[in-house]
There are 2 protein chains.
Amino acid sequence: MDNDITVLLRSRGFKVTPQRLAIYEVLYNSKEHPSAEMIFSRLQSVYPTMSLATVYKTIEILREIGLVQILNAGEDSFRYDANTDNHPHIRCLICGRVDDLEGVDSHHFINMIAKQTDYKITGQQFYFYGICPECQQKSN
Amino acid sequence: MDNDITVLLRSRGFKVTPQRLAIYEVLYNSKEHPSAEMIFSRLQSVYPTMSLATVYKTIEILREIGLVQILNAGEDSFRYDANTDNHPHIRCLICGRVDDLEGVDSHHFINMIAKQTDYKITGQQFYFYGICPECQQKSN
DNA sequence: GACTTTTCGGAAAATTATTATCCGCTAGTT
DNA sequence: AACTAGCGGATAATAATTTTCCGAAAAGTC
Ligand SMILES: [Mn+2]
Ligand SMILES: [Mn+2]
Ligand SMILES: [Zn+2]
Ligand SMILES: [Zn+2]
């Protein structure tokens, strides 16, 4: 994985830097769809001088080379995901966590839509919201 | 319709003003899911002194009383819709227009998701992107 | 390894959609 | 007509993201 990103960056004319590797590693090892701020603070101890702008600039490069996707879960900031497969997400309206919706096959639904529109569909995002298991328990 | 909103506003303790009626009317008579800025400039000629802040404040009230829904089509600003049914939207990546996807039945898909997650689902947004018929023609 | 070129990271300022504040004014009630 | 809670407009504030600028670091060349 560390090799994948190194090769990819270089082949696309981007330099390989510790910051870029570190930011990707946070995303790659996380299932919580961190925001720029979350990535930034997670790396504070390792890279105390890192700028938030570096996080944003790096994410844009990672998106460009196809290593991350940008999620808009209806919050005031974006979330980022190293899983670039198009998969649906769900956000808890109480604690704010954003999770994957596992094991969902959207193909049938998407094909149905494609047949009913004159648009040429190139992508889609499905966002659900609700209450996560933990928050359901707490409210009982 | 003009009566509906008047009654609704008053019954919820909001005053009925020309600006509020005008903003709702723009949304009600539009199929293009205008942003705050679009609503604002459409009303410039009729209400030259209207503030953009008034548009935002009014939209929030309209949302609160259930007359509009807020759409996040992945742009840098929100879109607003007087059709408060939960229905999918599609945005053209070339010209930027946001359209309804008509005649789509999402119930089966949503029920399938609901069965596969431990979340209690309370809502969802389906957002597609692609190329609209007009832009497809132009690129030929 | 030294030299050169190109791109980068960090700090700071800029941008921009949206929200908050403040105050004279208006809608709705009596 | 008078009263008052809520409003509209101007303006400032907020906050996520983007841009700018420059010394520094990475990759290519010898
Ligand atoms: Mn995900
Ligand atoms: Mn719509
Ligand atoms: Zn929760
Ligand atoms: Zn188009």
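By convention in this document, chain letters (A, B, ...) are assigned in the order of the sequence lines, proteins followed by strands, and residues within each chain are numbered from 1. Note: hydrogens, waters and symmetry copies are ignored here, and every other heavy atom, side chains too, is used. Keep in mind it's a predicted model, so treat the numbers as computed, not measured.
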Give, ordered by number, those residues of residues 67-75 of chain A having at least one heavy-atom distance below 4.0 Å to an atom of DNA chain C; if nothing qualifies, reply none. none

For the pair made of CD in E60(A) and P in dC8(C), what is the distance, rounded to whole Å? 12 Å

Return yes if some donor-acceptor pair links the side-chain N/O of Q136(A) with the main-chain N/O of I131(A) below 3.5 Å, else return no. yes

B/S/- along nucleotides 21-30 of chain C (protein heavy atoms under 4.0 Å) is B-----BS--

Specify the separation, in whole Å, of atom CZ of F78(B) and atom C1' of dT19(C). 12 Å

Using heavy-atom distances to pick each residue's nearest nucleotide on DNA chain C, tell me which of S51(A) and R79(B) is more 5'. S51(A)

Is a donor on one side and an acceptor on the other found under 3.5 Å between the side chain of H89(A) and the backbone of H87(A)? yes

Point-to-point distance, once rounded to the nearest 0.5 Å, from NZ of K115(B) to CD1 of I121(B): 11.5 Å

For the atom pair OG1 (T84(B)) and CG (L67(B)), what is the distance rounded to the nearest 0.5 Å? 7.5 Å

Interatomic distance, F40(A) CZ vs dG9(C) P [rounded to whole Å]: 14 Å

Between CG of L9(A) and P of dT7(C) the distance, given in whole Å, is 14 Å

Over 12 non-hydrogen atoms of neighbours within 6.0 angstrom of CD in Q44(A): yes

Would you say T58(A)'s side chain and V55(A)'s backbone share a donor-acceptor pair under 3.5 angstrom? no

Value in whole Å for how far the P atom of dT19(D) lies from CG of D76(B): 12 Å

Quick check: does any side chain N or O of Q124(A) sit under 3.5 Å from a backbone N or O of I110(A), one acting as donor and the other as acceptor? no

Selected nucleotide, minimal atom distance to R20(B) side chain, candidates dG9(D), dG9(C), dC7(D): dC7(D)

Test R63(A) against E60(A) for salt bridge (Lys or Arg N to Asp or Glu O under 4.0 Å), laying out the working first. CA-CA 5 Å; R63(A) 186 201 59 74; E60(A) 169 53 23; 2.8 Å; yes

dG10(C) OP1/OP2 closer than 4.0 Å to side-chain N/O of T54(A): yes

Length of the CG-C1' vector between L52(A) and dA15(D), whole Å: 11 Å

Interatomic distance where OH belongs to Y47(A) and P belongs to dA11(C) [whole Å]: 15 Å

Select from M50(A) and A36(B) the residue whose nearest nucleotide in DNA chain C is closer to the 5' end of that strand. M50(A)

Any side-chain N or O of Q19(A) under 4.0 Å from OP1/OP2 of dA25(D)? no

Chi angles and distances behind the side chain to side chain donor-acceptor pair (under 3.5 Å) call for R91(A), Y127(A): CA-CA 8 Å; R91(A) 176 168 58 92; Y127(A) 295 108; over 6 Å; no

Return the nearest nucleotide to the side chain of Y56(B); candidates are dG9(D), dT19(C), dT17(D). dT19(C)

Between P on dT19(C) and CD on E64(B), what's the gap in Å once rounded to a whole number? 13 Å

